Each structure stands twice: as C-alpha cells, then as structure tokens.
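Note sheet for the following structure.
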Amino acid sequence: MNADILREKFLGFFEARKHKIVESDSLVPKDDPTVLFTPAGMNQFKKEFMGFDSGFRRAATAQRCLRTDDLDKVGKTSAHHTFFEMLGNFSFGDYFKEEAIAWAWEFLTQELKIGREKLWVSVYQEDDEAYNIWKDKIGIPEKKIVRLGDKDNFWPAEAKTKGPNGPCGPCSEIFYDFGPGVGCGEKICDPSCSCGRFVEIWNLVFTQFNRKEDGSLEPLPNKNIDTGMGLERLAAVMQGKQNNFETELFQPIIKEIKLGCQDINGDGAGIASDTSRPRNDGNNGMFYAIADHLRAVVFSIYDGITPSNEGRGYIVRKIIRKSALHLRSLGINKPFLNTLVGQLVQIMHEPYPDLKDRQEDIAQVILMKKKTLLIF
Ligand code: GLY
C-alpha cells in the first residue's frame with residue numbers, strides 16, 4: 001500500500017469519526033516561538049489545547065514536519081529523517097484515552113490489517129489507566145505492554161525536567177515488531193531496546209498539562225489527545241520494507257542519483273540494495289541522506305524559507321551543504337540537487353498539487369545556493 005493511499009485512508013478513517021480534516025500547517029510555525037520549524041502535528045493546535053474554542057473539538061491532519069535534532073543520523077539508520085509527514089488525530093477536550101487507543105488499534109489492525117501479533121505497546125510508567133485499557137479493552141497480553149519513563153513515554157520527551165513549556169503529557173506508543181531476525185537477536189528484546197527490531201509507529205499523547213515557566217505542570221482546562229504517526233515508517237511496514245528509504249517515497253530519487261553517478265563514474269558506484277536495520281553501510285547511506293535532504297530543502301523553500309546565513313535560512317543552507325558534500329563523495333562535483341526536484345514533485349504531487357507550479361522556482365533557488373557553496 002503506497003503512502004498516498006495510507007494518507008487518504010488515515011484522514012478518511014478519522015473524518016468518518018467526526019474529525020475536521022485540517023490542512024497541514026507551514027513548516028514555519030505561525031504562533032510558536034518555542035520552535036524554529038514545525039516539528040509535529042500538534043504545534044498548530046497549541047491554543048486549542050490551552051482551551052481556545054476554534055469551533056471544532058476533533059481534528060486530523062497529515063502535517064509536514066522538519067526536525068534537525070537527528071540530522072547527523074539521517075542515512076545511517078532506517079527510520080530517521082529531517083523532513084517527514086506526521087499523520088495525527090486530535091481531541092480538544094472531547095474524547096480521551098479510551099477512544100484514542102481503541103481507534104488507533106482499529107485503524108492498524110482492521111483498516112490496514114496489520115497482524116495484532118506484530119504489535120507491542122508502551123505506556124508511561126505510572127499510567128495504570130492506559131495500561132488497563134490496552135490489557136482489558138484491547139486484549140493485549142501483559143508481556144507485550146511495556147512501562148517506560150520520562151524519556152520515552154512523556155511528550156515532549158523529558159518535558160517535565162527540561163521543557164519546552166506548554167502543552168504536554170504522558171504518552172503510549174505502538175510498536176511494530178520486525179521479528180527476531182532483525183536487530184540484536186537477543187532472546188529477551190522489547191520496545192525498550194534500541195536495536196531496531198521494534199519500530200515505533202504511532203505515539204498517542206494524553207495532553208493534560210501545561211508546563212509553566214517555573215517548570216511546574218499545571219492541569220490544562222481540558223484533557224486532550226495528540227497523536228503522531230510517521231507516514232514514512234508506516235509505508236515501510238505496509239510495504240514489507242525494513243527501511244523507510246526503500247519505499248516509493250524515496251526510491252525514484254535514489255535511482256536518479258544513482259543514474260547521475262553512473263553518468264559520471266560509469267558504474268553507478270556499484271551500489272547494492274541494503275535493507276538492514278538499523279545500520280546502513282557505505283554509499284547507500286549517502287544516497288538515503290541526499291534523498292532526505294532534498295525533501296527538507298524543497299519543502300522549506302516551498303514554505304518561503306530562503307537559504308541564508310541566519311535562522312531557518314541557515315539550517316536550510318546547512319542541509320544543502322551536507323547534500324553537496326555527499327554528492328561530492330559520490331563523485332558528483334556539479335550542481336545536481338536541483339535536477340532532482342522534478343522526481344520529488346512526481347512523488348508528492350498528490351498531497352501537494354501546487355508543487356508542480358513551484359518546481360522551476362524551487363530548483364532555481366537550490367541551483368543558486370549550490371553554485372555559491374561550490375565557489376566558497
Ligand atoms: N506530538 C506527538 C509526537 O510528535 O510524537
């Protein structure tokens with residue numbers, strides 16, 4: 001099942017459950033000084049979480065997101081990205097844990113028909129309510145419900161001690177088990193292990209606190225739901241791939257880069273398909289990183305960010321520079337990233353039909369910046 005279908009199915013599922021389908025917000029957050037780029041679906045709804053009435057109490061989105069914390073990991077693991085799409089359903093003082101958990105389970109196991117035996121869950125260490133819903137209402141065996149702490153099962157991670165201020169709460173995550181053949185191979189392995197056997201696909205946040213300036217957690221006027229599921233990870237699971245970069249969201253771009261290498265090196269740099277998790281060796285990691293960075297750069301420019309020496313523009317410039325360095329390592333020393341924009345437009349034209357009209361302008365902005373980077 002491809003990503004366009006998954007996105008549509010997700011939004012349709014929640015629309016049928018009376019959620020308002022809200023457009024993805026820009027990568028440039030409108031009213032959120034706590035972040036430089038939109039990192040999650042919930043950011044455009046912070047005021048609703050704080051109690052503001054926008055006229056709807058349920059929403060669902062496919063939010064374009066950009067996170068730079070993992071920039072150096074991109075391409076080295078199978079599921080880290082800078083740019084990604086987050087599927088999310090939200091409740092502003094309407095439904096809470098029981099419905100959020102039941103619908104997430106129904107979507108995965110009935111709508112997408114993922115085998116229940118493949119799924120594990122985690123809950124916040126003190127959250128008996130969520131634990132019992134998974135155990136008693138959904139019927140998950142206790143050995144497949146893991147209790148984790150502030151780093152893993154509070155969102156934002158470690159917000160209690162480190163911030164940021166604003167809406168936050170305990171969360172419950174759903175993991176897909178790629179099986180004992182993937183990862184550490186230890187007999188005892190569960191979602192708390194970072195070996196890559198278990199990949200988190202959906203995070204259900206029970207947003208019930210406002211973290212204040214003094215670090216205290218004040219109960220919000222309402223109990224809310226904020227969920228986030230990475231479309232790229234879901235696509236990989238649904239396509240039987242152990243690596244997000246092996247899905248149709250990235251492969252046409254990667255093929256184009258390989259062709260570019262072939263033209264220059266004559267042999268396509270002898271790249272074999274690598275589906276190992278979580279490590280990706282050698283050149284494949286560079287192809288993955290370039291494909292990732294292309295998406296981040298194109299959608300940043302789409303949202304009006306110009307590569308520059310400060311703020312968001314600096315981050316975009318840094319990502320272009322990283323791509324240029326990878327391309328150079330692959331033997332491509334001429335401006336090339338700009339030539340890949342058309343492939344990305346092909347992949348993303350369904351959710352972003354206007355991207356086509358912007359294609360030439362975006363490619364031109366990248367070309368100008370890359371020329372500058374190559375000179376200096
Ligand atoms: N807001 C939920 C998440 O980003 O995982």
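All values derive from a computational prediction rather than experimental measurement. Both ligands and their constituent atoms are indexed starting at 1 by order of listing.
Contacts with ligand 1 closer than 4.0 Å are made by no heavy atom of Glu173, backbone or side chain.
Numbered from 1 in the order shown, with element, the atoms of ligand 1 that lie under 4.0 Å from a heavy atom of Asp226 read 1 (N), 2 (C). Every atom of ligand 1 is numbered from 1 in the order shown, and the set under 4.0 Å from a heavy atom of Val205 is 2 (C).
Taking the six-membered ring wherever Trp is involved, the centroid distance between the rings of Phe178 and Phe198 does not fall below 6.0 Å. Between Phe10 and Phe13, the distance separating the two ring centers is not shorter than 6.0 angstrom. You'll find the ring centres of His326 and Tyr288 outside the 6.0 Å limit.
The only member of Phe45, Phe14, Phe56, Phe206 that meets ring-ring contact (aromatic ring centres under 6.0 Å, His included) when paired with Phe90 is Phe45.
Contact analysis puts Arg67 in contact with ligand 1, with a non-hydrogen atom separation below 4.0 angstrom.
Of the possible polar contacts, none joining the Arg233 side chain to the Ile201 backbone as a donor-acceptor pair under 3.5 Å is found.
Given atom 5 (O) of ligand 1, the protein heavy atom at minimum distance is Asn203 ND2, 3.0 Å.
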